[in-house]
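Inspection log for the structure reproduced underneath, given as structure tokens.
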Amino acid sequence: MFRYRISLRAVLIASFVALGLILVAAYTLVAKEHFIRGLDAAMAGNMEKAARTFSEVIGAGESGQVREFSGFDVATQWSNLPAYALRAFPNGPGKSGQLLKQENSAWFSRPKSIVFAMRDDTAHGPLYLSQKVTPRQTSEVLPQASRQNRVFTLTVSMLVIGFVSIVGWLLLWHVSRPMAALRAWTHSLDNDKLSDPVPDFSYPELNEMAELIRNSLSSVQQAVDRERRFLRHASHELRTPISTIRSNIELQRKLAQKRERFEDEQSIVDRIDRASLTMKHLTETLLWLNHEPDTPLQSHVVDLSELVRELSAEMAYLLAGKPVTTEVSTSPYSCTVPLVPARIILGNLIRNAYQHCWEGTVVIDQKEGRVTISNPVEPDAQNPSPVSSENTGYGLGLELTTTLSQRIGWHYTAKREGNYHRVIVETESSHDS
């Protein structure tokens, strides 16, 4: 399943943008709240000043009826205030100096009316004040103050966004530049640069990571070099004894034709011959694996049917002493492939089928570029699944067969069908069709 991955640069940019927006939103809310609280504090101060002036000029106990003074409704009893105040605050203010406010508004809209009420305990007794403010009654000073507050908030918000953007860009530049250098250096590493000292990437963490990368790649390269040396030395060392063994086998057979052939002697020669063939196939495999991945392999026109019959005949010794028969069905078909890998693939598959068949019939069927090999297996085998069966191959096994098939463009599958293990090999042209 495809999963989109976000780059680290995009994550950092998105983080700084989100941080700036959050700071601006938070500051806007704080500024708005401070502006409203300042207006409420100013209203409470005006009501308190009006109550003290009313008490000194008129007197708190002069009249029990509500009176309008300095824009406020004033009464000595809460119940005498106008109906709008009683509806807004049924219980009235509980203590002196407590400002009550009720807004008739919805989200993101101006209030239709605001009701204020307050109690003030003067020297002549308690006074209750209220006022209902509507848009038509508001002062011309408030809109001007509100506009100034919005301009100030917008200015500070833009400064905050600019500051966060500059800091984010500088931090991103300082972090992304050495990280991009580390990435480029990692991609440019080869055998020659692994021995060079690690460049300075400005930050200790990146330098440590680069050192770990170089050490890891050096360890891998050393292991690969050791394997290549082993393959090269082993393959070349085996070629000489193999040539000696096979030349002496041919000489022994020519000498045996001139004199009486003994059965025991012939069986010994056959065992040496089989061992030399196995060593020959192993050497070819090791030599082929020692090729560089980008080195083109020389291809030849091969008759696939003749190759299958030749390999099945060479591997027939594996069925000696077993109640096993073979059915080989082929049809003429020529294809252009690297000969050595093709022999290794088909030879390993036929050898594996012969090696793991104890009774029954091994069927080898070749039709054009498709080769099918089926062999019976024991029902109570310890590795009944196709996957586990592949791990029990002979010599370098079916794992090597899969690798070689991919290298030359062949398609290889293996599966278990009942008591039969079946492998199918298709050449590149047959698979494409």
Side-chain angles (χ1 to χ4, degrees), residues 21-160:
L21 293 177
I22 291 174
L23 288 176
V24 169
Y27 183 80
T28 302
L29 293 176
V30 170
K32 176 185 176 182
E33 186 66 22
H34 275 253
F35 179 72
I36 294 176
R37 288 179 181 270
L39 294 178
D40 292 344
M43 175 62 72
N46 291 335
M47 295 179 76
E48 181 181 16
K49 182 177 180 181
R52 299 295 170 87
T53 305
F54 182 87
S55 175
E56 294 175 358
V57 174
I58 299 177
E62 181 69 21
S63 175
Q65 300 298 321
V66 62
R67 298 184 61 174
E68 182 178 355
F69 182 79
S70 188
F72 300 102
D73 295 318
V74 184
T76 56
Q77 299 292 329
W78 174 257
S79 57
N80 293 335
L81 286 177
Y84 70 84
L86 300 179
R87 285 194 304 268
F89 314 107
N91 297 326
K95 58 182 179 179
S96 177
Q98 179 183 1
L99 179 67
L100 302 181
K101 184 177 74 170
Q102 184 189 66
E103 295 183 15
N104 183 13
S105 64
W107 285 95
F108 305 106
S109 63
R110 297 179 61 182
K112 297 179 181 180
S113 64
I114 304 176
V115 177
F116 296 95
M118 193 182 75
R119 170 185 170 182
D120 184 74
D121 293 339
T122 65
H124 299 87
L127 288 176
Y128 296 91
L129 297 89
S130 67
Q131 185 183 50
K132 184 177 182 180
V133 180
T134 60
R136 290 176 297 179
Q137 298 175 343
T138 56
S139 172
E140 296 180 357
V141 178
L142 293 180
Q144 183 179 359
S146 179
R147 285 193 298 270
Q148 293 176 352
N149 184 69
R150 285 196 297 268
V151 171
F152 176 75
T153 302
L154 181 61
T155 303
V156 174
S157 299
M158 297 301 296
L159 292 176
V160 170

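When every heavy atom of Ala117 is checked against every heavy atom of Trp78, the shortest pair comes out as CB-CH2, 3.9 Å. Minimum heavy-atom separation, Gly71 to Gln131: O-NE2, 3.0 Å. Across all non-hydrogen atoms, the minimal contact from Leu81 to Ala75 is CD2-CB, 3.9 Å.
Rounding to the nearest 0.5 angstrom, the gap separating the NZ atom in Lys132 from the CD1 atom in Ile114 is 11.5 Å.
Contact of the Arg52 side chain with the Asp120 side chain is registered, since non-hydrogen atoms from C-beta on lie closer than 4.5 Å. Using a 4.5 Å heavy-atom cutoff, the side chains of Asn80 and Tyr128 are not in contact. Counting heavy atoms from C-beta on, the side chains of Asn46 and Phe72 come closer than 4.5 Å. In this structure, the side chains of Leu127 and Thr76 come closer than 4.5 Å at one or more pairs of heavy atoms.
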List, one per line, each side-chain donor-acceptor pair under 3.5 Å for residues 89-100, sequence neighbours excluded.
| from | atom 1 | to | atom 2 | distance (Å) |
| --- | --- | --- | --- | --- |
| Ser96 | OG | Asp121 | N | 3.1 |
| Gln98 | OE1 | Gly94 | N | 3.3 |

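Ser55 places no side-chain N or O within 3.5 Å of a backbone atom of Ala51 that could act as its donor or acceptor partner.
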> Can you list the steps and then say if Phe69 with Thr53 is a side chain to side chain contact (heavy atoms under 4.5 Å, CB included)?
Replying inline: CA-CA 9 Å; Phe69 182 79; Thr53 305; 3.7 Å; yes
>> Checking Ser130 against Tyr84 for the side chain to side chain contact (heavy atoms under 4.5 Å, CB included) test, could you report, in this order, the C-alpha distance in whole Å, the side-chain angles of both residues, the deciding distance, and whether it holds?
In response: CA-CA 9 Å; Ser130 67; Tyr84 70 84; 3.1 Å; yes
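For residues 35-46, the pairs satisfying salt bridge (charged side-chain N to carboxylate O under 4.0 Å, His left out) are Glu33-Arg37, Asp40-Lys101, with sequence neighbours left out.
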